[in-house]
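Remarks on the structure that follows.
Numbering of ligands and ligand atoms starts at 1, following listing order.
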Amino acid sequence: MVTGMVRTLIAGNWKMNGLKSSLSEVEKIVSALDSHPDNADCLICPPATLVVPMQDRAGARLNVGAQSCHPEAFGAFTGDLSAEQLKDAGASYVIVGHSERRSEHGERSAYVQEQAHACLRAGITPIVCVGESYAQKQRGETKDTVVRILRKSLPTLGSNDTLVVAYEPLWAIGTGLVPSAEEIAEVHLTIRNLLVELYQDRGADLRILYGGSMKPGNAAEILAIDNVNGGLIGGASLKADDLMAIYAAAVA
Ligand code: PGA
């Protein structure tokens, strides 16, 4: 589905899943993409170990990304990877500020903003994630939380830069729970208004993804919501059939 001039992005986040043997799923995805109209982008962010072999198999229609990066370009940072290295390996997007990184690695919004700037420096599109906890939702703080986190996490954009925002309610990730269409619409409109405030006209065309238990069974309904310009999909992106069913809903 194309909202105005915005091209839908169906993005898989494989998290810490996938071995070389999983590349057979990628081969299925690459051949299935050929049987669908080319009016939405498809992306997989595998573990860093698979970026190179996935890119080798990706063809013209599958984009490959990564799941995090260090803010610096190089240096004494054992175990880390820079945006430049990920770009060199073939990544065109990097997820930054995923809730699992924020909670398990203590990555705060100021750091997420540095990561986003590193992506832009390397010529990579950052996917900046944001979401509220269940307690914040219960207290009616969803929109305030999302805006507060995004104000601190979003980068300054140069004239050739772009970014993607992913709204992922923490309580919806991996749980099978999904907000109502009205709730998603309200949060995505709030994010849209913030993007226009921060980036003027360009904010109207930046993609806002929904993430959190998106599946073949609910994708069409979610992707039809105003200001939903695609999905960030965890569990359901691991199987080619599920990811392609979601992609099919996006291009229908
Ligand atoms: P899920 O994960 O689709 O498995 O809920 C989404 C995410 O964490 O990006």
Near Gly212 (heavy-atom distance under 4.0 Å), the atoms of ligand 1 are 5 (O)
Are the charged groups of Glu107 and Arg102 less than 4.0 angstrom apart, N to O? no
Could you check atom 4 (O) of ligand 1 against the protein and tell me its nearest heavy-atom contact, residue, atom and distance included? Gly235 N, 2.9 Å
Hey, could you give me each pair passing side-chain hydrogen bond (donor to acceptor under 3.5 Å, both in side chains) that has a residue in residues 231-252? Not counting sequence neighbours. Arg61-Tyr247
If the cut-off is 4.0 Å to any non-hydrogen atom of Ser213, which atoms of ligand 1 fall inside it? 1 (P), 3 (O), 5 (O)
Taking Glu132 first and then Arg139, would you say they form a salt bridge - that is, a charged N and a carboxylate O separated by under 4.0 Å? no
Is it true that the side chains of Glu168 and His98 contain a donor and an acceptor less than 3.5 Å apart? yes
Answer yes if the side chains of Arg207 and Asn227 hold a donor-acceptor pair under 3.5 Å, and no otherwise. no
Just to check, does His98 reach to within less than 4.0 Å of ligand 1 when the distance is taken from its heavy atoms? yes
Would you please determine whether Gly174 falls within less than 4.0 Å of ligand 1 on a heavy-atom basis? yes
Please state which part of Asn13 comes within less than 4.0 Å of ligand 1, counting heavy atoms only: side chain, backbone, both or neither. side chain
of all protein heavy atoms, closest to atom 9 (O) of ligand 1 is Glu168 OE2, 2.6 Å
Side-chain ion pair, Lys28 and Glu25, N-O less than 4.0 Å: yes
Tell me which protein heavy atom sits closest to atom 3 (O) of ligand 1, plus the residue, atom name and distance to 0.1 Å. Gly234 N, 2.8 Å
Just checking Arg148: does its CZ atom have more than 12 heavy atoms from other residues, nucleotides or ligands closer to it than 6.0 angstrom? yes
Return yes or no for this condition: an N or O of Ala236 is under 3.5 Å from an N or O of ligand 1. no
